[in-house]
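Just below is one structure, and these are the notes that go with it.
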Amino acid sequence: MRTTCVVNATGVDIEHEAGETLLSVLRARLGLTGAKLSCDMQVCGVCTVLVDDLPVSSCTLLFADCAGGRIRTVEGLAADGKLHPVQKAFLSYNAFQCGYCTPGQIMTCVALLEHGTHFTYEQVTEYLSGTLCRCTGYLPIRAAAEAARSTAATTSGEK
Amino acid sequence: MTSRLVGNRMARIDGLSKVTGSATYVGDLVIPGTCEGIVVRSPYPHAVISSLELDRARAVPGVLAIIGYADLPGPDHYYGHVVPDHPILADGKVRYAGEPVVAIAANDGVSAMQAARQVEVRYEELPFVDRVEDAADGDVLVHDRPGNVCAQSVTGWSDVDAAMSTADVVVEGEYRYPNTYAYAMEPYIAVASFSGGTLTVWSSAQHPFVVRTTLARCFGLPLSRVRVAAPLVGGGYGSKSFTKIEPLAAALTLTIGRPVRLALSIEESVLTTRGDGAITRLRTGFTADGHIVARDATVLLDTGAYAESSPGVAEKASRRLGGPYRIPALRVDSSAIYTNTPPASSLRGFGAPQVVWASEQQMNVAAEQLGLDQFEIRLRNLVRPGEAHIPGYRPMDADLGGDLELLRDGLAWDSPCRPGRARGIALSVSDAGYIPVSTAEIHLNSDGSATVYSGSVEMGQGSATVIAQVVGEELGLTMDQIDVLQGDTGTVPFETSTGASRTTTLAGAALVQACEDTKEQLRVFACEAFGLEMSEVIGDCGGIRAGDKRYLWADIIRAWFGGDRGAVIGRGYVRQAGVFAQLPPFWEVGCVGVEVSLDAQTGVVRIEHLVTVGDVGKAINPDLVEGQDLGAAVMGLGMAVYEELVFADGELLNGNIVDYRVPRASDINKFTSRIAERADGTGPYGVKGSGEGALNPVAPAIASALTKLTGRRHCRAPLSPVQIWRDLYQLDG
């Protein structure tokens, strides 16, 4: 079957198997290998991408169900050769080690930035708890998320 | 000269690729013609394979090969770096539920799965044993080894019974440490390609050179015709040490002559390698003023169906149990016991977490009974720097008293705890470093930039960055001028392994040698090219000086070779000689304190404050040391409070992300890192390794803190809510 949607601001029209997941299409058909496969049951968050600005587990979302949607992956974050504030914060705070969960963590944090500017520290922690990391012990990721939120708050101007 | 790079929080050189999604792991590789592999596994923990019917499966469209043990190519179907008892596919008998029986290669994953369903295996079930205490009785044998003993190691001296009889206080207990899983976020994966007489395997592997040796032996190839490449590893922690699924993938490609990708699911990965659980029975005798007179322990390690690293784990456990103390009489009898469960192999800590769980709790119990605080009892027993706590081994290199002072301060030990909270500490030393054999190679290019070749692997610990910092420091280069290539036996020089916290110390030593070799050659070339006398050559940053003239490396290389051609190749060799003659290469310290809270109604334990002291000799990159200490400690928290592989009737019940609970972001809040740099290590700049130490003391520190709140001992990990209830109400008989 064919599905049409937008991936990282580019229109795509893909021939795919009916049962193919968003993760599989991103990785195998579009060459966007940032999102990774881990638990394969929408629990660990390593496959997180944004669909219509919301974080989803791409391992258990059918690509067919993304018809007409706007998909964003880690590869689409940098603009005009400049890293996204979340990416910069991850570098500054060493919020990664092996890097396998990092694209999922970053996309989760991007969603946090876009939806959770009003979140308390505890709410941010809860939000981030859905994306697992076995390397860092999490605190650098939280620090990066907070830093990116602060930067966004101070540079976004008042709404 | 002040350090430009070493000692500084340089940005990780793998950072940009990891935050932009361009970092390449084995699963991201595209190798043309690759087909999919799949494994059919035993549903039974112990059984004879009475028949194997593969014809129906072979008839499935898209199937390229189906192999059982009898179809394996090559002269040797067994692997195992200590005891080669691990068949690539089950050899007529299965010894754990989940053991690979048949391997299939097909054009695509769906065909492979359909073929897997058509494989007909008939089993005759055998009695099985899935608990280590039952296995030790020896009534049901996994292999033909009495008492199911895979390996036994005894460390000790003097007459323990006589010494124990002089004790004023004897602390006694039985401690249980769980079977655990490393849970790397990246599952096991290998792509194998046999082409033109050369076998190439890309694998998420920590020790590519070990895997190369295994594959060469199993498939009858010279080392030169086997290439094992580990690009980035998505989490190792020891679970990707030595050989895993590479022989399976290799067997398939050798059968069909096309590249085969074998990508395990998480559930299959849990069935591939785990960490040893342990039962430790320990008695420690103390004088009234808190001095140890004797320690007497037996340790049973649940090592699963095959030997893997178990002989080493048993040995290390026997040496790591006693602690860094003066112990007049010691006996640690440590056995690795086979069970019909997935094989245990290396896992962070390597025997130390299992036994320190017992021995450090007993230090704190004695402290309480004798009216000493947890620091004081340790200070009274600590060996001093230069004092050997195990005869025949390297004397203690670390100032542990100094580390405890840092811990006490970081934990605010002397300030009152909030109500409902309590603090505990623990200390460990591990004979780390594994085997001190390492090589390194540097190519200094004609523009003065350096390409560094190391057999180490980047699995998140930051080895690539440390390597660049060391080479940049020694050759006077900036980080931008350096590229580090790792982990591909086809292009980089030999490295024993990446694990045992060894890379910075041992690979670092080889790299410094390679830098010296490079500079020596450049001095000679400078004399030849510019007509200098060696006596007038003085080292300078990034070059040399002679008289009032300065020559950069690039100037020298171009002058000596001509044009922009040529490169200077420097090499370094490390072996067990000189500064590394005595084992271990260094002692890895674990020094951890926690402040915990306990919800007595729900049994939920929380770490409210975690403090680690990294005694690393020199923090080449403090960010990376802190990262290792926090990461290791949180993994230790997982194994102390949340994690346990649960077996029933020989079957693993919770081998998935939902039922095996690893730590989450909400589990850790306040962290204090202290780093001690006393340049007391054998590595460059006095460095010692890091990466495992901070895990070992976490569980006993937590348990000792909880005891202050509950008044009970907590001898069984993990300290899950159910276990806390059992301890509070003394439900365990």
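Only a predicted model underlies this, so the values are computations on that prediction, with no experimental measurement involved. Computed from heavy atoms alone, side chains included, the values below leave out hydrogens, waters and symmetry copies. Letters A, B, ... are given to chains in the order of the sequence lines, protein chains preceding strands, and every chain is numbered from 1.
Per-residue heavy-atom pair counts under 4.5 Å with chain A were compared for B/A182, B/G462, B/S265, and the maximum is reached by B/A182. Among A/C98, A/G137, A/C44, the residue making the largest number of heavy-atom pairs under 4.5 Å with chain B is A/C98. In terms of heavy-atom pairs under 4.5 Å with chain B, the best-connected choice from A/M41, A/Q105, A/H84 is A/M41. Contact count versus chain A (heavy atoms, under 4.5 Å) is highest, among B/R12, B/M459, B/K670, B/M635, for B/R12. Contact tally against chain A (heavy-atom pairs below 4.5 Å) for B/S269, B/P663, B/G638, B/G236: the top residue is B/P663.
Between B/I266 and A/S38, the closest heavy-atom pair is CG1-O, 3.1 Å.
Going from atom CG of B/D14 over to atom OG1 of A/T102 covers 9.5 Å, rounded to the nearest 0.5 Å. Distance check, rounded to the nearest 0.5 Å: CG of B/D623 to OG of A/S92 gives 10.5 Å. Distance check: A/Q97 CD to B/Q628 CD gives 5.0 Å after rounding to the nearest 0.5 Å. Here the CG-OH distance, from B/N669 to A/Y138, works out to 14.5 Å after rounding to the nearest 0.5 Å. Taking SG from A/C39 and CD from B/E267, the interatomic distance works out to 8.0 Å, rounded to the nearest 0.5 Å.
Of the two parts of B/Y25, only the side chain, counted from C-beta on, holds a non-hydrogen atom closer than 4.5 Å to a non-hydrogen atom of chain A. In this structure, chain B has no heavy atom under 4.5 Å from any part of A/Y93. Contacts between A/T136 and chain B at a heavy-atom distance below 4.5 Å involve the backbone alone (N, CA, C, O). With a threshold of 4.5 angstrom between heavy atoms, B/A23 approaches chain A through N, CA, C or O but not through any side-chain atom. In this structure, the portion of A/N94 lying under 4.5 Å from any heavy atom of chain B is its side chain and not its backbone. With a threshold of 4.5 angstrom between heavy atoms, A/I106 approaches chain B through side-chain atoms but not through N, CA, C or O.
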Check against side chain to side chain contact (heavy atoms under 4.5 Å, CB included), A/K36 and B/M185 = CA-CA 9 Å; A/K36 305 291 184 218; B/M185 301 315 292; over 6 Å; no
For A/C135 and B/Y237, run side chain to side chain contact (heavy atoms under 4.5 Å, CB included): C-alpha distance rounded to whole Å, both residues' side-chain angles, the deciding distance at 0.1 Å, then the answer.
-> CA-CA 9 Å; A/C135 288; B/Y237 328 109; 2.9 Å; yes
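Remark: the backbone N or O of A/L132 is not paired with any side-chain donor or acceptor of B/R664 at under 3.5 angstrom.
No hydrogens or angles considered: nothing links the side chains of B/S666 and A/T125 as a donor-acceptor pair under 3.5 Å.
Heavy atoms from other residues, nucleotides or ligands lying under 6.0 Å from CD of A/E17 number 12 at most.
Side-chain contact check for B/K18 versus A/F90: every heavy-atom pair is 4.5 Å or farther apart. Taking the side chain as every heavy atom from C-beta outward, A/R27 and B/D28 approach each other to under 4.5 Å. Side-chain contact between B/S204 and A/Y100: absent, with no pair of heavy atoms (C-beta onward) separated by less than 4.5 Å. Here the side chains of A/L37 and B/P187 are not in contact, with every heavy-atom distance at 4.5 Å or above. B/T20 is listed as a side-chain neighbour of A/L83, based on a closest heavy-atom distance under 4.5 Å.
Paired with A/L139 under the rule side-chain contact (heavy atoms from CB on, under 4.5 Å), one option of B/I668, B/L610, B/V634 passes, and it is B/I668.
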